Amino acid sequence: MAESKKMMRVEITRFDPDRDEVPKTQEYEIPVQDDWKVLDAINYIKDEVDPSISHRWSCRMAVCGSCGMMLNGEPKLTCKTPLSDYDETIKIEPLANFPIVRDLVVDMDGFMDKFRKVKPWIVRAKARAEDMEDLNEKGTFSQSPDQLATFKQFSMCINCLLCYAACPVIANEPEFIGPAAIALGHRYNLDSRDEGQAERNAIFRGEGTVFSCSFANECSEVCPKNVDPAAAVNQAKLAAVVDWAKGLVLPREGA
Amino acid sequence: MTRAAHPEAMAPPKKGPTRTAPPQIPGSWWGAPRIRTYLLFGATGVVYFLAGTVVLHLVWALGKGPDAWAKVMDDLSHPLYLAFHALTLISVLFVGIRAFGTMMPKMQPRGGPLPVLAPGLVRGLIYSAWAALTLVFSLILAGKI
């Protein structure tokens with residue numbers, strides 16, 4: 001006797017830049033299994049029903065950060081979200097606040113520009129040759145477990161951009177650097193090997209300033225890796241103010 | 001077995017002619033249960049604005065003389081004013097708890113000379129200080145100190 005499968009209605013945003021003026025919604029009625037994640041349903045539609053759907057995905061284990069989408073209006077990783085969390089209908093849309101390239105695929109260039117802006121790498125203040133002398137003497141830039149613990153939480157970001165889709169400030173102030181980029185910039189500011197705090201704090205106070213954040217805390221609510229970007233943003237605010245105040249009374253290094 | 005990769009493989013994205021649909025936000029964003037707390041947080045600004053006008057009115061009455069002051073005091077005992085003051089108190093408590101309970105524990109500086117305290121401990125210290133200050137000011141306003 002054949003097992004009856006549960007049917008589910010899946011509404012997916014469709015947008016073909018060569019044909020459509022604006023995105024539209026297409027509905028699919030598909031058989032689903034209890035153990036499916038939302039990504040399985042999208043892949044089923046892509047494989048068995050409509051191969052023209054475009055979406056991003058890769059690791060299927062909440063590590064690569066590719067498959068972030070709006071599920072019934074909430075930004076979530078589709079590979080991590082059980083389909084059983086939804087009843088008979090689920091609406092799948094591309095991440096909010098991003099331009100739509102095609103169907104469920106968004107344009108990430110805006111984020112990449114902001115990401116580069118905060119210098120998400122270790123900055124050394126000394127000239128490279130002098131730096132190498134230090135390295136040759138010590139062998140490496142050592143770091144204690146306590147020093148690592150200071151920033152480790154913020155380094156767990158997978159750039160899934162759910163925080164940008166949830167942030168009400170980004171929706172209104174596109175120049176705002178935004179949660180993930182600030183969290184990663186702040187991560188390097190807290191790194192004991194880094195010496196670029198003054199540069200980054202100046203960036204945090206500049207265009208797209210961290211002070212645009214109104215602490216909605218939405219970014220931390222939706223973060224699938226518990227990075228707590230809202231904490232990073234608000235620590236960055238405090239650090240930027242302290243750095244600015246220090247600059248008023250203390251001479252800058254090298255000045 | 002291998003062959004050269006495309007010369008532009010892994011190159012940074014170029015600005016091209018690809019047409020994109022403009023960014024969108026969900027039509028029901030304001031109805032999401034999660035964001036209602038934030039909207040309420042913002043809406044308390046209206047209450048503070050109105051409370052500010054009441055304070056300005058009090059200052060104005062103080063400058064006009066004892067009769068004007070007595071009249072304003074009488075007006076403030078109206079049930080609508082009392083309801084408004086209750087709403088202001090609720091707003092202050094709501095914003096205070098959100099700010100000191102959620103924001104402050106997260107904002108502790110990291111990597112400095114001070115230890116990072118447990119969020120519950122920070123909340124407890126802040127609420128204790130808040131209660132102590134409220135008590136002191138209440139006693140001052142009541143003329144007990």
Side-chain angles (χ1 to χ4, degrees), chain A residues 13 15 17-18 20-23 70 72-75 91 93-102 105-110 112 116 147 149-151 153-154 165-166 168 170-171 174 186 189-192 197 214-218 220-222 228 230-239 242, chain B residues 8 10-46 48 94-123 126:
Chain A
T13 299
F15 174 70
D18 294 328
D20 301 325
E21 284 302 313
V22 292
M70 305 298 288
N72 284 0
E74 292 282 311
K91 187 168 190 174
E93 299 166 290
L95 283 179
N97 297 335
F98 286 90
I100 303 164
V101 175
R102 188 182 184 103
V105 179
V106 296
D107 185 350
M108 297 169 65
D109 281 1
M112 297 311 290
R116 275 191 292 270
Q147 287 171 323
T150 305
F151 66 84
Q153 175 190 356
F154 303 134
I170 285 286
H186 186 58
N189 273 354
L190 294 176
D191 193 316
S192 58
Q197 291 91 347
S214 55
F215 213 128
N217 207 42
E218 292 294 289
S220 294
E221 295 279 348
V222 301
D228 200 353
V233 173
N234 286 280
Q235 286 171 30
K237 283 180 190 173
L238 190 61
V242 170
Chain B
E8 290 183 358
M10 295 299 290
K14 293 176 180 173
K15 298 290 177 194
T18 304
R19 195 171 72 84
T20 56
Q24 298 180 331
I25 56 171
S28 59
W29 66 270
W30 48 268
R34 207 168 20 75
I35 207 164
R36 283 182 200 149
T37 314
Y38 175 60
L39 292 177
L40 274 176
F41 180 66
T44 55
V46 177
Y48 298 139
F94 171 62
V95 171
I97 289 169
R98 189 175 187 274
F100 295 128
T102 308
M103 295 181 182
M104 299 302 280
K106 286 185 178 188
M107 288 182 74
Q108 293 181 79
R110 309 276 178 103
L114 300 173
V116 178
L117 304 175
L121 180 59
V122 176
R123 264 192 292 275
I126 290 173

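The shown structure was predicted, so the numbers you read here are calculated from the model rather than taken from an experiment. Numbers restart at 1 for each chain; the letters A, B, ... are given by sequence-line order, proteins then strands. All values below come from the heavy atoms of this structure, side chains included, with hydrogens, waters and symmetry mates left out.
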* **For chain B, the option from N97(A), L238(A), D191(A) that forms the most heavy-atom pairs under 4.5 Å** => N97(A)

* Structure fact -> Given V22(A), N217(A), D107(A), the one with more heavy-atom pairs under 4.5 angstrom with chain B than any other is N217(A)

* Roughly how far, to the nearest 0.5 Å, is the OG atom of S214(A) from the CZ atom of F41(B)? -> 8.0 Å

* Structure fact -> All heavy atoms of Y38(B) vs all of P168(A), minimum pair found to be CE2-CG, 3.6 Å

* Smallest separation among heavy atoms of P23(B) and P99(A), with atom names -> CG-N, 3.6 Å

* Asked: Atom CD of Q24(B) and atom CD of E93(A): how far apart are they, to the nearest 0.5 Å?
  -> 7.5 Å

* Asked: With sequence neighbours left out, what residues match T150(A) under side chain to side chain contact (heavy atoms under 4.5 Å, CB included)?
  -> L190(A), R110(B)

* Structure fact -> Cut-off 4.5 Å, heavy atoms of chain B, and the answer for Q153(A) is side chain

* So what's closer than 4.5 Å to chain B heavy atoms on V222(A): side chain, backbone, both or neither? -> side chain

Sequence neighbours left out, cut at 3.5 Å: what donor-acceptor pairs do the side chains of residues 97-104 of chain B make with other protein atoms?
from    : atom 1 : to      : atom 2 : distance (Å)
R98(B)  : NH1    : F215(A) : O      : 3.1
R98(B)  : NH2    : F215(A) : O      : 2.9
R98(B)  : NH2    : A216(A) : O      : 3.3
T102(B) : OG1    : R98(B)  : O      : 3.3

* Using non-hydrogen atoms and a 4.5 Å limit, figure out which bit of N189(A) sits close to chain B: side chain, backbone, both or neither. => neither

